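Contents: one structure, followed by commentary.
Keep in mind that this is a model prediction, so the values were computed, not measured. Heavy atoms only: backbone and side chains are in, while hydrogens, waters and symmetry mates are out. We count residues from 1, following the sequence as given.
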Amino acid sequence: INAEYMGLYPKDILFLTNKASCYFEMKNFEESIKVCDEAIRIGEELQASFESIAKAFEKKGNALVKLEKFAEAIDAYEKSLTNNRTQSVIKVLRATKDKYEKHKKLAYINPEKKKKKKKKKKKLCVD
């Protein structure tokens with residue numbers, strides 16, 4: 001990641017979103033999120049284009065999904081859509097909401113109760 005370029009253009013939101021993509025590809029999702037937050041902050045300060053800020057929110061959402069922080073990812077995608085409505089983000093938002101619902105359902109499953117129910121069913125079938 002080119003520190004020399006960043007020294008010349010410290011407030012270049014496009015560079016920051018590309019840097020976040022690099023961290024994402026290296027599977028360093030936490031660092032990718034930090035860089036996206038920085039890009040969003042700088043983009044808002046400098047009144048960067050809505051598309052650029054939306055892209056930073058989208059990349060942040062992608063990293064959050066990889067960390068299974070679905071609620072935060074949904075928030076990031078919704079903020080992306082507020083800045084610039086694109087079909088790709090709409091699709092990924094729907095998919096993330098579905099994953100989040102499945103994740104919540106799985107969190108409520110209690111393996112012990114499931115085993116007891118199976119035993120009861122087997123017992124009823126045998127009797």
In Å, rounded to the nearest 0.5 Å, how long is the span from NZ of Lys19 to CD of Glu38? 6.0 Å

Taking the hydrophobic residues Ile, Leu, Val, Met, Phe, Trp and Tyr, and joining any pair whose side-chain heavy atoms are under 4.5 Å apart, which ones share a cluster with Val92? Val65, Phe70, Ile74, Tyr77, Leu81, Val89, Ile90, Leu93, Tyr100

Partner set under side-chain contact (heavy atoms from CB on, under 4.5 Å) for Lys102, not counting sequence neighbours: none

Check side chain to side chain donor-acceptor pair (under 3.5 Å) between Lys66 and all other residues, then give those that pass, not counting sequence neighbours. none

Cluster overlap Ile42 with Tyr23, hydrophobic side-chain contacts below 4.5 Å: yes

Can you name the side chain to side chain donor-acceptor pair (under 3.5 Å) partners of Asn18, sequence neighbours left out? none

Could you give all pairs that pass the ring pair (Phe, Tyr, Trp, His ring centres under 6.0 Å) test and reach residues 34-53, with sequence neighbours left out? none

Exam field: side chain Asp75 to backbone Ala71, donor-acceptor pair closer than 3.5 Å: no

Close aromatic pair by centroid cut-off 6.0 Å: Phe29 and Phe24: yes

For Lys59, all residues meeting salt bridge (Lys or Arg N to Asp or Glu O under 4.0 Å), sequence neighbours excluded: none

Quick one: which residue pairs count as a side-chain hydrogen bond (donor to acceptor under 3.5 Å, both in side chains) with a foot in residues 90-99, not counting sequence neighbours? none

Leu14 with Leu46, same ILVMFWY side-chain cluster at under 4.5 Å: no

Could you pull out the closest heavy-atom pair between Asn83 and Ala54, with the gap in Å? CB-CB, 3.8 Å

Does Lys69 have any side-chain contact (heavy atoms from CB on, under 4.5 Å) partners at least two apart in sequence or in another chain, and if so, which? Glu30, Leu64, Leu67, Glu72

By side-chain contact (heavy atoms from CB on, under 4.5 Å), Ala39 pairs with (sequence neighbours left out) Ile13, Leu16, Thr17, Ala56

Grab the two heavy atoms, one from Cys36 and one from Lys60, that are nearest each other, plus how far apart they are. SG-N, 3.6 Å

Residues which pass side chain to side chain donor-acceptor pair (under 3.5 Å) with Asn28, listed by chain and number, not counting sequence neighbours: none

Atom of Ala63, atom of Ile33 and distance for their closest heavy-atom approach: CB-CG1, 3.6 Å

List for me each residue that meets side-chain contact (heavy atoms from CB on, under 4.5 Å) alongside Glu51, sequence neighbours excluded, and say none if there are none. Ser49, Asn84

